[in-house]
Amino acid sequence: MLRTATVRDAGGFADTDTAEDWQLAARLARRGPFICIDDPVRIYHRHPNATRITNTQPPTHTLRHIICTDCLNDPRAPATQRLIATLLRQPGK
């Protein structure tokens with residue numbers, strides 16, 4: 001559960017086809033203590049009989065690019081986080 005005001009303050013829930021929940025989670029995290037790791041902290045499992053079945057998962061570098069771009073566009077992201085996002089967004093990282 002999330003407080004509506006907190007979600008709105010973080011820019012709301014994106015209406016895109018990729019990483020909407022990741023974008024919101026990253027924006028929420030930027031409003032508190034920041035830590036950056038490259039290991040998965042959650043893994044999604046989809047039941048084969050689920051209403052929406054997605055067989056393709058974007059590569060990690062695509063998700064990283066989305067999250068880093070979102071950080072660079074977030075006016076509340078501190079300079080240190082913007083620097084890290086810029087470095088992580090570079091190809092080959």
Side-chain angles (χ1 to χ4, degrees):
M1 286 193 196
L2 300 169
R3 292 188 182 274
T4 301
T6 303
V7 172
R8 285 184 181 148
D9 180 57
F13 195 77
D15 189 18
T16 62
D17 289 333
T18 305
E20 303 95 340
D21 52 342
W22 289 64
Q23 290 177 38
L24 177 58
R27 278 187 259 120
L28 290 169
R30 283 194 291 275
R31 280 143 180 84
F34 182 80
I35 182 170
C36 184
I37 60 174
D38 202 24
D39 296 320
V41 293
R42 63 182 174 178
I43 299 172
Y44 290 93
H45 295 280
R46 298 194 192 274
H47 192 277
N49 295 329
T51 304
R52 179 178 176 204
I53 298 176
T54 305
N55 293 327
T56 58
Q57 174 71 18
T60 301
H61 65 84
T62 300
L63 295 172
R64 181 184 300 123
H65 184 82
I66 290 168
I67 299 302
C68 290
T69 299
D70 191 63
C71 178
L72 294 172
N73 293 327
D74 186 347
R76 296 263 313 263
T80 305
Q81 292 177 16
R82 290 175 188 269
L83 175 63
I84 292 168
T86 300
L87 295 172
L88 288 174
R89 203 170 69 152
Q90 293 176 1
K93 298 288 181 196

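For Ala77, the side-chain contact (heavy atoms from CB on, under 4.5 Å) criterion is met by Arg30, Cys71, Asp74, Gln81, Arg82, not counting sequence neighbours. Residues satisfying the side-chain hydrogen bond (donor to acceptor under 3.5 Å, both in side chains) criterion with Thr69, sequence neighbours excluded, are Arg89. In this structure Thr86 satisfies the side-chain contact (heavy atoms from CB on, under 4.5 Å) test together with Leu72, sequence neighbours excluded.
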**Pair Arg27-Arg31, side chain to side chain contact (heavy atoms under 4.5 Å, CB included): steps then yes or no** = CA-CA 7 Å; Arg27 278 187 259 120; Arg31 280 143 180 84; 3.9 Å; yes

Would you give me the side-chain donor-acceptor pairs under 3.5 Å for residues 2-11, sequence neighbours excluded?
residue: Asp9; atom: OD1; partner: Arg76; partner atom: NH1; Å: 3.2
residue: Asp9; atom: OD2; partner: Arg76; partner atom: NH1; Å: 2.7

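Atom-to-atom distance recorded for Leu28:CG and Asp21:CG is 11.0 Å, nearest 0.5 angstrom.
A pairwise comparison of heavy atoms in Gln23 and Ile66 identifies NE2-CG2, 3.3 Å as the closest pair.
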